[in-house]
Amino acid sequence: MSSHIVIFQLLMFIFIIGIFFAVFFVVRSLLTKQPSNKDSIEQKLDRIIELLEKEKRN
């Protein structure tokens, strides 16, 4: 009977750790995606500024 309790506790412990790692990796992936979007937006804005400056010169 007590061995069933130990197995159940180990499974629950592994399950809780699995949830923790799942949340950790989801948050990490969301945080790493945002800067790449910022970089591409900055590059596009830089390109627009360059084109506008060229138009002003002409």
Side-chain angles (χ1 to χ4, degrees):
M1 182 84 172
S2 65
S3 65
H4 290 26
I5 295 172
V6 171
I7 292 172
F8 178 75
Q9 287 178 340
L10 285 174
L11 289 175
M12 287 297 112
F13 183 69
I14 291 169
F15 180 72
I16 290 171
I17 289 177
I19 291 175
F20 172 76
F21 278 111
V23 169
F24 172 77
F25 284 116
V26 166
V27 169
R28 193 179 79 168
S29 69
L30 289 175
L31 290 177
T32 56
K33 284 182 183 177
Q34 288 179 352
S36 65
N37 289 341
K38 275 186 178 179
D39 291 342
S40 67
I41 291 173
E42 287 179 6
Q43 289 174 353
K44 290 176 185 176
L45 287 174
D46 288 343
R47 180 73 177 137
I48 291 172
I49 290 171
E50 287 175 12
L51 292 172
L52 289 173
E53 287 176 350
K54 283 183 182 178
E55 276 187 19
K56 273 186 176 182
R57 291 182 204 149
N58 295 337

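Residue numbers count from 1 along this sequence.
Atom CD1 of Ile14 is separated from atom CD of Gln9 by 12.0 Å, given to the nearest 0.5 angstrom. For the atom pair CZ (Phe20) and CZ (Phe25), the distance works out to 9.5 Å, reported to the nearest 0.5 Å.
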For Lys56 and Glu53, run salt bridge (Lys or Arg N to Asp or Glu O under 4.0 Å): C-alpha distance rounded to whole Å, both residues' side-chain angles, the deciding distance at 0.1 Å, then the answer. CA-CA 5 Å; Lys56 273 186 176 182; Glu53 287 176 350; over 6 Å; no

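As a member of the Ile/Leu/Val/Met/Phe/Trp/Tyr network built from side-chain separations under 4.5 Å, Ile16 groups with nothing else and remains a singleton.
For Val27, the side-chain contact (heavy atoms from CB on, under 4.5 Å) criterion is met by Val23, Leu31, not counting sequence neighbours. For Ile17, the side-chain contact (heavy atoms from CB on, under 4.5 Å) partners are Phe13, Phe21, not counting sequence neighbours.
Between Ser29 and Thr32, the shortest heavy-atom contact is O-OG1, 3.1 Å.
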